[in-house]
Amino acid sequence: MDTNEKKEVIELEVDRKQIEQGRVKVEGTVINIRGLKDGDVFDAMNKRWRLVQRKERVLHLKLDDVLKAFNLGYAIGNLHMRAMISGNDLYIPLEDPNLEEELRDFNPDIQEIKFVPNVEIPIRVKMVDFTDH
């Protein structure tokens, strides 16, 4: 093939977890895509591919008042889940079937979006160092 010839770009639809794990299956072969994200193009199996992240079901909550936002943060804080905030909107993946019921007091609605987590509850772990003993 002439190096100046452009390859056709084939869309490879994958879910968010595959992108986070850094590997996808292409034509029966597992390919390392670590570091790539939705929309990135890569070469594999003598073809050019574009990663297309599938939409997924999420809980959508409005953070339109400080007290509600604080109470919601308190309610979900111990669940250690990934979240996405865009403006005054909070999105949480619907991976737990009980989540909608648990958060019903906050009036969530269900949407289907390309979920890209941008908030994680930091967990600080105290480590005991036994080397000095």
Side-chain angles (χ1 to χ4, degrees):
M1 181 164 92
D2 182 348
T3 56
N4 294 327
E5 186 180 325
K6 289 193 173 196
K7 290 182 184 178
E8 172 190 2
V9 178
I10 304 164
E11 291 193 347
L12 180 64
E13 191 174 3
V14 298
D15 65 43
R16 171 182 51 89
K17 289 184 179 184
Q18 290 174 296
I19 293 173
E20 289 173 353
Q21 292 170 350
R23 58 185 183 274
V24 294
K25 193 176 271 192
V26 176
E27 297 181 349
T29 302
V30 176
I31 304 292
N32 179 355
I33 60 160
R34 198 164 310 248
L36 299 181
K37 60 188 179 317
D38 181 45
D40 285 349
V41 175
F42 66 98
D43 290 322
M45 315 297 287
N46 291 321
K47 296 178 184 173
R48 182 157 287 166
W49 305 88
R50 175 179 291 113
L51 278 180
V52 178
Q53 180 180 328
R54 285 186 192 108
K55 291 182 177 181
E56 64 185 285
R57 291 180 48 161
V58 297
L59 275 185
H60 167 247
L61 300 119
K62 291 299 266 176
L63 304 175
D64 49 5
D65 121 356
V66 175
L67 184 58
K68 178 182 172 183
F70 177 82
N71 287 332
L72 178 60
Y74 185 80
I76 66 172
N78 284 331
L79 300 176
H80 306 292
M81 61 183 55
R82 303 185 88 190
M84 180 174 115
I85 293 180
S86 178
N88 288 347
D89 298 303
L90 171 67
Y91 302 93
I92 303 169
L94 255 176
E95 296 169 341
D96 179 346
N98 300 318
L99 190 58
E100 183 179 10
E101 178 61 25
E102 289 176 26
L103 299 177
R104 74 178 180 278
D105 293 341
F106 298 99
N107 302 316
D109 65 285
I110 297 176
Q111 295 185 4
E112 220 171 89
I113 65 167
K114 285 188 180 183
F115 177 75
V116 181
N118 59 7
V119 176
E120 288 188 66
I121 305 296
I123 301 172
R124 292 192 180 93
V125 178
K126 288 191 175 187
M127 301 294 285
V128 177
D129 183 4
F130 292 102
T131 58
D132 293 338
H133 299 285

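Residue numbers start at 1 and run along the sequence shown. Not measured: the values here are computed from a predicted model. Every heavy atom of this structure was used, including side-chain atoms; hydrogens, water molecules and symmetry mates were not.
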- Salt bridge K17-E95, side-chain N to carboxylate O under 4.0 Å: yes
- Pairing of D40 and R50 as salt bridge, 4.0 angstrom limit: no
- Test salt bridge (Lys or Arg N to Asp or Glu O under 4.0 Å) on R82 and E20 and set out the steps. CA-CA 12 Å; R82 303 185 88 190; E20 289 173 353; 2.6 Å; yes
- Residue pair I113, M84: steps toward the side chain to side chain contact (heavy atoms under 4.5 Å, CB included) verdict: CA-CA 11 Å; I113 65 167; M84 180 174 115; 3.7 Å; yes
From [X] atom [atom1] to [Y] atom [atom2], the distance as rounded to the nearest 0.5 Å:
{"X": "D105", "Y": "N71", "atom1": "CG", "atom2": "CG", "result": "10.0 Å"}
{"X": "N107", "Y": "L61", "atom1": "CG", "atom2": "CG", "result": "8.5 Å"}
{"X": "H60", "Y": "I92", "atom1": "NE2", "atom2": "CD1", "result": "11.0 Å"}
{"X": "W49", "Y": "E13", "atom1": "CH2", "atom2": "CD", "result": "13.0 Å"}
{"X": "N88", "Y": "K62", "atom1": "CG", "atom2": "NZ", "result": "6.0 Å"}

- Assess whether atom CZ of R54 is packed by more than 12 heavy atoms of other residues, nucleotides or ligands within 6.0 Å. yes
- Message: Take a 6.0 Å sphere around CG of N98 and say whether it holds more than 12 heavy atoms from other residues, nucleotides or ligands.
- Response: yes
Is there a path of hydrophobic side-chain contacts, each under 4.5 Å between heavy atoms of I/L/V/M/F/W/Y residues, joining [Y] to [X]?
{"X": "I110", "Y": "F106", "value": "yes"}
{"X": "L59", "Y": "L72", "value": "yes"}
{"X": "I76", "Y": "L67", "value": "no"}
{"X": "V9", "Y": "F42", "value": "no"}
{"X": "V58", "Y": "V52", "value": "no"}

Closest non-hydrogen atom pair, [X] against [Y]:
{"X": "P93", "Y": "L99", "result": "O-CD2, 3.8 Å"}
{"X": "D38", "Y": "K114", "result": "OD2-NZ, 3.2 Å"}
{"X": "T29", "Y": "M45", "result": "OG1-CE, 3.6 Å"}
{"X": "G22", "Y": "N32", "result": "O-OD1, 3.2 Å"}
{"X": "I33", "Y": "Q18", "result": "CD1-O, 4.2 Å"}
{"X": "F115", "Y": "Y91", "result": "CE1-O, 3.4 Å"}

- Message: Run V26 and K47 through side chain to side chain contact (heavy atoms under 4.5 Å, CB included) and show every step you take.
- Response: CA-CA 10 Å; V26 176; K47 296 178 184 173; over 6 Å; no
- Note on the structure: The single option from Q53, Q21, E56 that satisfies side chain to side chain donor-acceptor pair (under 3.5 Å) with R16 is E56
- Is there a side-chain contact between K7 and D43, using heavy atoms and a 4.5 Å cut-off? yes
